[in-house]
Amino acid sequence: MCGIIGYIGKKNSLPIIIEGLKRLEYRGYDSAGVCVINGDKIIRQYKRAGKVNDMEKNINVDVFNGNIGIGHTRWATHGEPTDINAHPHFDMDNKIVIVHNGIIENYKVIKDKLAEDGYVFRTDTDTEILADLINYHYRRTKDFSLAVRLALIDVEGTYGIACLCADEPDKIIVARNGSPLLIGVGNEETYIASDAAAVINHTKNVVYLEDGEMAVITEKGFHLKTIEDKEIFRNVEVLDFFMGEIEKGGYEHFMLKEICEQADSIQNTYRGRINFETGIVKLGGLESVFDKMLNAKRFIITACGTAWHAALVGEYLIEQFCRIPVEVEYASEFRYRTPIIHKDDVVILISQSGETADTLAALREAKKHGATTIGIVNVIGSTIAREVEAGTYIHAGPEIGVASTKAFTSQVMSLSLITLMLAYEKSIMKQSTLVNVAKSLKLLPEKINKIVERKNEYKEIALKFKDARNFLYLGRGVNFPIALEGALKLKEISYIHAEGYPAAEMKHGPIALIDENMPVVFIAPKDKAYDKIISNIEEVRARKGKIITIANEDDTNINNYSDYVLRVPNETSLFAPILNVIPLQFLSYYIAVARNCDVDQPRNLAKSVTVE
Ligand code: F6R
C-alpha cells in the first residue's frame with residue numbers, strides 16, 4: 001500500500017527520496033510524489049500518476065535541490081489515481097504539506113467544517129483535509145508541531161503521516177496511528193519511512209513509532225511524544241537484515257528470487273527449533289502460552305489472502321495430528337459476525353507483514369474477549385507481532401514480490417512445527433515418529449532445490465497456457481488449500497481468472513465450465529487421496545478438459561491421465577504441501593511473464609493491506 005520516505009540532513013534529499021520510493025514500490029502503488037525545501041522557505045512539489053521511474057525522468061533536479069524532503073507512493077483509497085490526487089498534499093496557503101498512509105474516517109465532517117470557514121479544496125482526498133486542518137490550527141498558534149498535534153486530536157481513522165512547513169524548514173513532523181512509521185537515525189541526518197526497506201542502505205538504527213505517537217524530526221535526531229503531549233523515551237533498535245535481502249541478486253524479478261530461495265527461507269523457519277536427534281520441537285516464543293495451547297478447547301486461526309490459505313493447511317494438520325478442533329476465519333469477516341470467542345480459545349493470527357488491518361482488527365477483537373492470542377508473523381517488530389500475547393516469527397526474510405511465495409511456505413512450516421510440538425506433548429505422536437519426521441525435514445531443503453532445478457520444465461508447460469482465459473485448480477485434503485493458493489497466485493499476477501476447489505466438490509458446479517479450453521490443475525501426489533483424485537481427473541478428461549498434474553517423481557501411472565505433469569519429489573510427511581505449492585508458484589510466474597505482466601507489482605494489489 002502507500003509508502004512514505006523522508007530525509008533531513010546535509011545531503012541533497014531528492015536522490016535519497018527517489019531511491020527510497022523505489023524500494024517502497026513493492027508495496028503496490030499507482031502514483032508518486034515528492035516535496036523538497038531548499039533554504040528559501042518555499043516548498044517545491046512534484047507528483048504524478050504512474051511509476052517512480054516516470055517521476056524521476058521528468059523532475060527538474062536543479063530545482064528540487066534541497067536537504068529536507070518527503071516522498072510518497074500512493075495506493076488510491078479516496079479519489080482516483082490521478083496527478084492531482086497523488087501525495088504530497090498542500091494546505092490552502094501552500095505553507096504546509098503532508099504525505100499520508102491510511103484513511104481519515106471523519107474527513108467528511110472535518111471538510112464540511114473547514115468549508116464553513118472558507119477553505120476550498122483541490123483534490124478528492126481525505127489527506128488534503130488533514131493538511132487544511134493543520135493549517136487551521138497553524139493560523140491560530142503559529143506553532144507547526146502544536147498545530148499538527150491539535151489537528152490529530154480531531155482526527156478519527158488510521159494514519160502514518162509526515163509533514164513539512166515552509167515557515168519552519170528545519171524539521172519534519174511525523175505521527176502514527178495504525179499505519180507503520182519509523183525513524184532512521186544517522187550521523188547528523190535523520191530519515192523517516194513507513195518501511196525499513198526504504199532506509200536500510202543508509203542506516204540500521206531505527207526507532208518505531210507506536211500508535212498515538214508523534215515526533216519532531218531534525219538532522220540532529222528526534223523528539224518523541226504522544227498526541228496527548230506526554231514525553232516518550234525509546235531506545236534505538238538495530239535492524240537485522242541486509243541490503244542483499246531486498247535486492248534482486250541477478251534474478252529478473254523479486255518473485256522469482258523468492259520462489260527460488262525457499263530452501264533457505266524454510267531452513268530459517270525451523271533452524272534452532274527442532275532437535276534432529278530426538279525430533280522434539282521447541283518454539284521459544286510460545287513457551288509462555290504453551291499450557292494454554294495444550295489445554296485449549298479450540299483454536300481459531302485467522303488471516304487474509306495467502307496467509308488464510310496457510311491457516312487452512314494448519315487446520316488440516318492440527319486437527320489430524322493434535323486432535324484439537326480448529327476453525328479458520330477470514331480476518332475481514334471475523335470481527336463483523338459477532339464471533340463467539342471463549343477465554344480458553346487460542347486465536348492464531350497469521351500475517352507476513354504483521355500490519356494487515358483486518359488481521360490486526362481480528363487480533364484486537366480476540367483480545368477483547370480474553371482469548372489467548374498467538375502471532376505467526378514475518379516482519380519483526382510489526383504491529384501484530386507486538387500486540388499478540390505470544391508468537392513465533394517465520395524468519396522468511398523480507399518478501400518484496402507482492403505475490404506471497406516464501407512467506408506462505410514458511411507459514412506452513414511454522415504451523416507444522418506447532419503441530420509437531422503439540423502432538424508430542426499430547427502423547428498423540430510418539431517420539432519414534434518424531435524422529436522420522438525430523439529425518440524428512442532434514443531432506444526438505446534438498447527436495448525444494450530439486451523442484452527449483454526443474455523450473456525450465458515448468459516454464460515450458462506454462463508457456464502453453466499463456467493465452468488461457470480460465471483455470472481450475474483442484475486438490476483434496478491438505479492439498480485443497482494448495483489448490484486455492486495456486487489459483488490465487490495465477491489470478492494475482494497474470495490476471496487470468498482462476499478458481500480453486502476441493503476436487504470432489506467440482507461435480508457440484510464447476511464441472512459445467514469444463515470443455516477443451518479449460519486447463520485443470522490437479523494436485524495429485526501419491527497420498528491417501530490419490531485414487532480418488534484419479535477418479536476426479538477421469539471426470540474432467542471425459543469432458544475434454546486439459547489436465548495438468550502435480551505428481552511425484554516416481555509416479556509413471558499419472559502419465560496415463562495427464563496432458564502435462566509437473567513433477568515434485570516424493571514426500572509422505574506433513575511437509576508435502578510445502579513441496580506441492582512450489583511448481584504452482586512457478587507456473588503462475590512463467591505464465592505472467594509470458595503475458596508481459598508486471599509480476600512484482602501487479603495492478604491494483606498492495607503488499608500490505610493497511611486499510612479495511
Ligand atoms: C497474496 C498475498 C496476499 C496476502 C494478504 C495478507 O499473494 O500476498 O493475499 O497474503 O494480503 O497479507 P499479510 O500476510 O501481510 O497479512
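Values below: all heavy atoms of this structure, side chains included; hydrogens, waters and symmetry mates excluded. For this chain, numbers begin at 1 and follow the sequence in order. Counting starts at 1 for both ligands and their atoms, in listed order.
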Ligand 1 to Lys489, heavy atom cutoff 4.0 Å, flagged ligand atoms 1 (C), 7 (O)
Atoms of ligand 1 under 4.0 Å from any heavy atom of Ser353, numbered from 1 in the order shown, are 13 (P), 15 (O), 16 (O)
(message) Can a side-chain donor-acceptor contact be found between Thr383 and Arg176 if the only test is distance below 3.5 angstrom?
(response) yes
Here the atoms of ligand 1 under 4.0 Å from any heavy atom belonging to Gln352 are 13 (P), 14 (O), 15 (O), 16 (O)
Phe586 and Tyr590 aromatic ring geometry - parallel, tilted or perpendicular at 30°/60° bounds: parallel
At under 4.0 Å between heavy atoms, what of Val402 touches ligand 1? The answer is backbone
In short, salt bridge (Lys or Arg N to Asp or Glu O under 4.0 Å) pairs touching residues 366-381 with sequence neighbours left out are Glu365-Lys368
Practice task
Verify whether the ring centers belonging to His202 and Tyr191 lie closer than 6.0 Å.
Solution key: yes
Taking only non-hydrogen atoms of Ser351 and a 4.0 Å limit, the atoms of ligand 1 in range are 13 (P), 14 (O), 15 (O), 16 (O)
Going by the 4.0 angstrom heavy-atom rule, the piece of Glu492 near ligand 1 is side chain
Judged by modelled atom types alone, do Thr306 and Ser404 share a side-chain donor-acceptor pair under 3.5 Å?
-> no
Q) Can you find a side-chain donor-acceptor pair between Gln585 and Glu485 that sits under 3.5 Å? A) no
Within 4.0 Å of some non-hydrogen atom of Ala403, the atoms of ligand 1 are 7 (O)
So the atoms of ligand 1 within less than 4.0 Å of a heavy atom of Ala307 turn out to be 10 (O), 14 (O)
